[in-house]
Trainee: 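Starting off with a structure, shown below.
Proteins get letters first, then strands, A, B, ... in listed order; numbering begins at 1 in each. Everything numeric in this text was worked out from a predicted model, so none of it was measured.
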There are 2 protein chains.
Amino acid sequence: MTVTLADVAARARVSPATVSRVLNGNYPVAASTRERVLRAVDELDYVLNGPASALAAATSDLVGVLVNDIADPFFGIMAGAAQHAIGDGAPGRAGGEKLAVVCNTGGSPERELTYLTLLQRQRAAAVVLTGGAVEDADHIAATAAKLARLADAGTRVVLCGRPPVPAAGEAVTAALTFDNRGGGKRLTEHLLTLGHRRIGYIAGPAERTTTRHRLEGHRAAMEAAGLGGRGLDRLTVHGRYDRRSGYDATLELLRREPRLTAVVAANDTVALGACAALRDQGLRIPDDISVAGFDDLPFSVDAVPALTTVRLPLYEAGARAGRLATGTEAPPPGGIATIGGELMVRASTGRPAS
Amino acid sequence: MTVTLADVAARARVSPATVSRVLNGNYPVAASTRERVLRAVDELDYVLNGPASALAAATSDLVGVLVNDIADPFFGIMAGAAQHAIGDGAPGRAGGEKLAVVCNTGGSPERELTYLTLLQRQRAAAVVLTGGAVEDADHIAATAAKLARLADAGTRVVLCGRPPVPAAGEAVTAALTFDNRGGGKRLTEHLLTLGHRRIGYIAGPAERTTTRHRLEGHRAAMEAAGLGGRGLDRLTVHGRYDRRSGYDATLELLRREPRLTAVVAANDTVALGACAALRDQGLRIPDDISVAGFDDLPFSVDAVPALTTVRLPLYEAGARAGRLATGTEAPPPGGIATIGGELMVRASTGRPAS
DNA sequence: ACCGTCGTAGCAAGCGCTTTCTATCGGTGA
DNA sequence: TCACCGATAGAAAGCGCTTGCTACGACGGT
């Protein structure tokens with residue numbers, strides 16, 4: 001039924017060992033023999049049996065890329081870049097080709113662990129974890145343990161846009177983290193500079209690192225401006241990283257403080273929802289109220305008005321993570337690199353009305 | 001170093017066969033024995049060796065989901081839904097859990113084939129192909145052949161948002177196709193009804209089925225209104241499915257026909273680019289010119305003005321494809337189901353000025 | 001009390017490939 | 001001319017798991 005190495009060997013009148021060596025190209029095989037084998041492979045339309053070779057060689061060419069939400073371009077862009085870098089990593093001979101697969105955790109710690117186990121099962125060559133992590137002690141411990149297990153099974157572990165795992169130290173090959181705190185700080189400073197004082201903040205899910213860091217940056221800026229204290233809590237609303245959440249949170253913010261002059265959203269998608277809510281309330285942006293996002297996703301520049309936001313080099317980061325995962329690029333010193341964001345001032349922010 | 005089935009067996013004082021059966025749960029094992037085994041698994045922190053079991057069982061729990069562009073929510077939504085449906089397909093015992101992985105082809109036929117081969121290598125349980133296909137005879141033949149090969153290796157093949165492969169007939173388990181033609185037609189009819197006559201069309205890449213079908217629908221509507229002929233070609237511009245392409249194409253259309261009263265875009269992303277271009281030209285939407293998109297991606301309702309478009313039930317389609325891939329749902333009669341789009345009339349279209 | 005059965009568990013033969021070790025052969029330098 | 005060597009190719013031993021078949025008690029019907 002299915003063609004095996006032995007069939008190819010028979011056809012090429014050589015031993016299976018020779019065929020294997022031709023295919024893997026890491027052993028001297030006479031040119032004439034090689035050609036004969038290759039022809040047989042072609043004629044028989046032979047396809048290597050992945051599991052069998054993974055079993056025998058104790059390695060596989062699978063690279064897993066874990067994302068929180070595949071429908072969100074934030075992850076899509078990073079994953080696409082990583083996959084690209086990985087697929088083209090060693091385009092040379094067979095075996096150099098890695099299969100990058102992206103796994104959607106939906107933000108659930110359990111699914112993340114499940115996928116990690118599944119990848120461990122497959123003896124994945126590398127794993128790339130993207131996006132913020134959940135800050136639950138149990139989960140962090142479980143993840144760290146799993147990563148350690150993976151690492152000493154030879155799987156490379158790369159973090160992209162996620163803070164280094166505290167306990168997993170040596171397990172992680174490299175960690176690329178975004179400067180969410182700094183970006184959040186600069187964004188709010190921009191608003192403060194424009195003269196805003198009553199600034200609402202729409203945060204993401206409370207337990208995620210990304211959420212916390214961006215919020216911390218915001219608060220640091222507020223406090224530095226003498227606007228700290230309890231007022232901050234009143235003007236902060238948590239929600240999911242989606243449009244709807246931004247819409248609802250904005251309404252809530254307006255309810256708490258009708259004289260709000262600016263809203264900072266956890267990310268661009270949320271900001272879009274916020275804009276919609278504001279418009280529905282009859283408020284003009286930025287005349288009546290300013291809005292800012294985070295990430296600078298592709299659609300943000302086309303929003304009306306164009307969104308002021310913090311640009312994160314998602315594509316570059318993903319590509320770099322991919323290269324680190326394939327070992328094409330050397331890890332940064334210390335294994336950790338922080339990637340900064342760039343403040344993009346656009347039309348959605350302006351001076352407060354009064 | 002690594003724990004194997006045999007280790008677990010030794011620890012539980014049973015044979016490897018028994019352990020295997022406990023883990024796969026498809027053979028009677030006494031409760032007490034089972035428990036002992038499970039405990040050993042736990043204590044040893046055993047993880048099944050995927051390749052080994054795939055080799056022995058000649059099947060794997062991998063399901064591949066191929067997408068053209070993972071950074072595009074159009075695909076992200078479908079892929080996420082499929083992955084969800086697949087992962088939760090048989091959450092019962094181990095083994096029922098499938099690993100859905102998404103592979104990003106970047107729209108390249110070669111990469112598509114490469115991934116298909118890679119999945120074939122892994123003896124994937126199923127493959128889901130999403131999005132339009134490239135209409136190149138060679139590639140279609142190659143794909144059909146590959147799918148046939150996969151199919152008779154026992155891999156289920158599901159098409160989602162892609163027209164049935166002509167030559168692959170029996171190879172395909174099920175095909176879910178979007179009624180792009182009908183949607184395109186209705187969209188243009190809507191514009192015609194409003195009174196538009198000079199309607200520009202921004203199409204996607206020429207060689208893709210999705211592009212062709214949507215365009216055909218548009219033209220059918222135009223012709224039915226007596227607006228056929230060569231004028232259509234003049235008012236059609238091809239480009240990629242991205243924002244930038246929409247921007248550029250719009251400028252080109254305006255150059256060709258300054259008196260344009262409406263622009264229909266290949267999809268929402270392109271439409272957004274079109275809106276940006278029009279705004280930059282000082283044109284008001286919909287007062288001076290109407291714009292329509294396709295897909296109804298999440299951000300479309302938040303665009304300003306909200307985008308008139310054709311809603312495609314992306315999530316539902318993806319989920320269904322996932323279920324078909326896992327065999328959780330029976331294929332539609334004939335293996336083919338056409339999914340209709342719903343015209344969403346919003347603020348970006350209105351009566352022409354004059 | 002005997003034998004067919006049912007319920008469990010073990011044996012052992014692979015699954016298809018990689019890789020170490022060994023064999024072979026045409027040179028080569030002395 | 002002969003021992004020796006480099007370059008290739010083959011033999012065979014697994015890699016860790018699944019599964020068909022066999023083995024073995026304990027039951028229950030007659």
Trainee: Round to the nearest Å and state the distance from B/L55 atom CG to D/dC15 atom P.
Mentor: 13 Å
Trainee: Please report, rounded to the nearest Å, how far the C1' atom of D/dC15 is from the CG atom of B/L48.
Mentor: 14 Å
Trainee: Starting from P on C/dT19, measure out to CG on A/L5 and report it in whole angstrom.
Mentor: 12 Å
Trainee: Rounded off to whole Å, could you give me the CG-to-C1' distance for the B/N24 and D/dT18 pair?
Mentor: 8 Å
Trainee: B/T117 and B/T114: side-chain donor and acceptor closer than 3.5 Å?
Mentor: no
Trainee: Check B/L176 against B/A321 and note the closest heavy-atom contact, atom names and distance.
Mentor: CD2-N, 3.7 Å
Trainee: Below 4.0 angstrom from OP1 or OP2 of D/dC15, is there any side-chain N or O of B/N49?
Mentor: no
Trainee: To the nearest Å, give me how far apart CZ (A/R121) and C1' (D/dG16) are.
Mentor: 14 Å
Trainee: For B/T105 and B/S108: C-alpha separation, side-chain torsions, deciding distance, then whether side chain to side chain donor-acceptor pair (under 3.5 Å) applies.
Mentor: CA-CA 6 Å; B/T105 66; B/S108 142; over 6 Å; no
Trainee: For B/R123, give me all partners under salt bridge (Lys or Arg N to Asp or Glu O under 4.0 Å), at least two apart in sequence or on another chain.
Mentor: none
Trainee: Starting at the 5' end of nucleotides 6-14 of chain C, put B wherever the base has a protein heavy atom under 4.0 Å, S where only the sugar-phosphate does, and a dash everywhere else.
Mentor: --SBBB--B
Trainee: Please give, in whole Å, the distance from D/dC15 P to B/D7 CG?
Mentor: 12 Å
Trainee: Minimum heavy-atom separation for A/R36 and A/R13, please, with both atom names.
Mentor: NH1-O, 3.8 Å
Trainee: When you get a sec, tell me which of C/dT18, C/dG16, D/dT19 is the closest nucleotide to the side chain of B/S20?
Mentor: D/dT19
Trainee: How would you list, by chain and number, every residue that makes a salt bridge (Lys or Arg N to Asp or Glu O under 4.0 Å) with B/D45, sequence neighbours excluded?
Mentor: A/R149
Trainee: Rounded to whole Å, how long is the line connecting atom CG of A/L23 with atom C1' of C/dG16?
Mentor: 13 Å
